[in-house]
Chemist: 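Shown below is the structure under consideration.
All heavy atoms count here, side chains included; hydrogens, waters and symmetry mates do not. These numbers were taken from a predicted model, which means no experiment stands behind them. The chain is numbered in sequence order, starting from 1.
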Amino acid sequence: MPRAIRIHRYGGPEVLQWEEVEARCPGPREVLVRQTAVGVNFIDVYHRTGLYRLPQLPAILGREAAGVVVAVGAGVPDVRVGQRVAYVLAAGAYAEEQVVAADRLVVLPEDVSDRQAAAVMLKGLTAHYLLRRTYRVKPGDTILFHAAAGGVGLLACQWAKRLGATVIGTVGSEEKAELARSHGCDHPIVYTKENFVERTREITGGRGVAVAYDSVGRDTLAGSLDCIAPLGLLVSFGQSSGPPPPLPLHVLADKGSLYVTRPTLATYIARREDLLAGAQELFEAVRSGAVRVEIGQLHPLAEAARAHEALEARRTVGSTVLLP
């Protein structure tokens, strides 16, 4: 029988159990994937703790992976056995095998590895919609990106720099500052040593940034608003430090007629054509070298708890990948 990481209750990393699960066959419009690399994301922590409640328990965690197609259900015209594929936002990725809806799969180019794909599908497609759709970054823009040395941050810094932007990013240490700088961040700010609002205003000559991308939430969102130029945009796309406090709408007027949005990847790739278009642009960026995938941590799938402990302690750099 295949094995998976499953939780029977919400809690800390200790609730992650490595156990046998029932083997499944693909139904109509489904595909069975033998997984070779599984991505780890902060949303997995939210699911494990119960911050984002799962439909039922026990449940297998994880939202992205790559592998090889081993069986195809009826009514699947464009995926065949033996193809290397990847997916994102399909629940149950922390497993040796996974049945996935065929319309959620993308076929991998030969020069994109399984580990790269598992590391980049969720984070890379997130960076794609943030930079190319939520706010279309253009030459001459100055942007602020929190957690610049994280999985999404390293990808976004590189991509934004290639698009012609000046990139300001917050990080937690000098080591992470150097990593962010080597991935396109022009001005890394170590938030434990500097006030990121004052430093951002200094860098921009008091003008502020066109857009601030905030995945930290409670600890940074109020400050992010103070970094934005009039008519600028706050993109709140995560809450690694906890949910931000309520935001009175008059604050947006007081700070310069600002805009705010709370986007999700699920909305941006709900249509298959958007998923395929985003993946194609992402893979082209990876293949051309415009975006370098940084896999900072590799763990056996059975040791997923270690990966969660490091992620929550902010001891990770780049992406974390689990190997079945």
Side-chain angles (χ1 to χ4, degrees), residues 4-18 38-65 87-95 98 104 118-127 129-130 134 145-156 170 172 213-221 224 234-247 260-270 296-297 299 301 303-322:
I5 291 288
R6 191 158 62 165
I7 64 170
H8 295 260
R9 60 183 175 86
Y10 297 117
E14 71 278 359
V15 304
L16 298 173
Q17 301 296 311
W18 179 237
V38 177
V40 176
N41 299 279
F42 222 97
I43 193 172
D44 304 343
V45 174
Y46 297 156
H47 287 150
R48 191 204 73 221
T49 62
L51 179 63
Y52 293 172
R53 309 294 282 191
L54 295 164
Q56 64 181 26
L57 297 178
I60 302 172
L61 296 187
R63 309 283 282 179
E64 70 175 340
Y87 64 84
V88 65
L89 299 188
Y94 285 20
Q98 167 77 314
R104 294 292 88 192
V120 83
M121 283 294 290
L122 193 150
K123 300 174 187 68
L125 288 174
T126 297
Y129 86 71
L130 291 173
T134 302
F145 210 100
H146 288 290
V152 176
L154 291 179
L155 298 172
T170 64
Y213 295 104
D214 193 323
S215 63
V216 178
R218 181 179 58 205
D219 292 349
T220 56
L221 193 131
S224 293
L234 170 63
V235 183
S236 173
F237 69 102
Q239 50 189 46
S240 62
S241 69
L247 175 62
V260 62
T261 184
R262 179 52 171 96
T264 68
L265 175 59
T267 306
Y268 279 89
I269 62 170
Q297 300 76 219
H299 298 280
L301 177 57
E303 299 176 10
R306 288 177 53 201
H308 276 228
E309 289 169 357
L311 189 62
E312 288 183 279
R314 299 188 183 184
R315 297 197 307 267
T316 63
V317 293
S319 297
T320 299
V321 171
L322 305 175

Chemist: What distance separates L61 CG from L54 CG, expressed to the nearest 0.5 Å?
Modeler: 6.5 Å
Chemist: Looking at every non-hydrogen atom in both residues, tell me the closest pair between Q297 and T320 and how far apart they are.
Modeler: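 Heavy atoms only, the tightest pair is NE2-OG1, 2.8 Å.
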Chemist: I need the minimum non-hydrogen distance between A95 and V38, along with the two atoms involved.
Modeler: O-CG2, 4.4 Å
Chemist: Show the nearest heavy-atom pair for residues D214 and S224, with the distance to one decimal.
Modeler: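 What the structure gives for the nearest pair is OD2-OG, 2.7 Å.
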Chemist: To the nearest 0.5 Å, how far apart are CD1 in I43 and CG in L89?
Modeler: 7.0 Å
Chemist: Search all heavy atoms of P263 against all heavy atoms of V235 and return the closest pair with its distance.
Modeler: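 Residues P263 and V235, closest heavy atoms: CG-CG1, 3.7 Å.
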Chemist: Checking L125 against V88 for the side chain to side chain contact (heavy atoms under 4.5 Å, CB included) test, could you report, in this order, the C-alpha distance in whole Å, the side-chain angles of both residues, the deciding distance, and whether it holds?
Modeler: CA-CA 9 Å; L125 288 174; V88 65; 3.9 Å; yes
Chemist: Under a 3.5 Å distance rule, please check whether Q98 uses its side chain to pair with a backbone N or O of A91 as donor and acceptor.
Modeler: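 Judged by distance alone, yes, a pair lies under 3.5 Å.
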Chemist: What distance separates L221 CG from H146 NE2, expressed to the nearest 0.5 Å?
Modeler: 8.0 Å
Chemist: Please name all residues satisfying salt bridge (charged side-chain N to carboxylate O under 4.0 Å, His left out) with E312, sequence neighbours left out, ordered by chain then number.
Modeler: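 Salt bridge (charged side-chain N to carboxylate O under 4.0 Å, His left out) check on E312 returns R48.
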Chemist: Run the side chain to side chain contact (heavy atoms under 4.5 Å, CB included) test on L16 and I7 for me, step by step, so that the C-alpha distance in whole Å, both residues' side-chain angles and the decisive distance to 0.1 Å come before the verdict.
Modeler: CA-CA 5 Å; L16 298 173; I7 64 170; 3.6 Å; yes
Chemist: Check the pair W18 / L301 against side chain to side chain contact (heavy atoms under 4.5 Å, CB included), numbers first and verdict last.
Modeler: CA-CA 8 Å; W18 179 237; L301 177 57; 3.6 Å; yes
Chemist: Would you give the length of the straight line joining atom CG of L322 to atom CD1 of I5, rounded to the nearest 0.5 angstrom?
Modeler: 8.0 Å
Chemist: Report yes or no: does N41 contribute a side-chain atom to a donor-acceptor pair with the main-chain N or O of D44 at less than 3.5 Å?
Modeler: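 No, because the side chain of N41 does not come within donor-acceptor range (under 3.5 Å) of the backbone of D44.
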Chemist: Measuring from atom CD of E14 to atom NE2 of H308, what distance do you get when rounded to the nearest 0.5 angstrom?
Modeler: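 NE2 of H308 is found 12.0 Å from CD of E14.
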Chemist: Show the nearest heavy-atom pair for residues A93 and A65, with the distance to one decimal.
Modeler: CB-CB, 4.3 Å
Chemist: Have T267 and Y129 got a donor and an acceptor in their side chains that come within less than 3.5 Å?
Modeler: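 Short answer, no.
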Chemist: Quick check: do F237 and V152 have side-chain heavy atoms less than 4.5 Å from each other?
Modeler: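 SC-SC contact between F237 and V152 confirmed.
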Chemist: For the side chain of Y94 and the backbone of A304, is there at least one donor-acceptor N/O pair under 3.5 Å apart?
Modeler: no
Chemist: Could you grab the distance from atom CG of L122 to atom CD of E64, nearest 0.5 Å is fine?
Modeler: 5.0 Å
Chemist: Flag the pair L311 / F42 as yes when at least one side-chain heavy-atom distance between them is below 4.5 Å, and no otherwise.
Modeler: yes
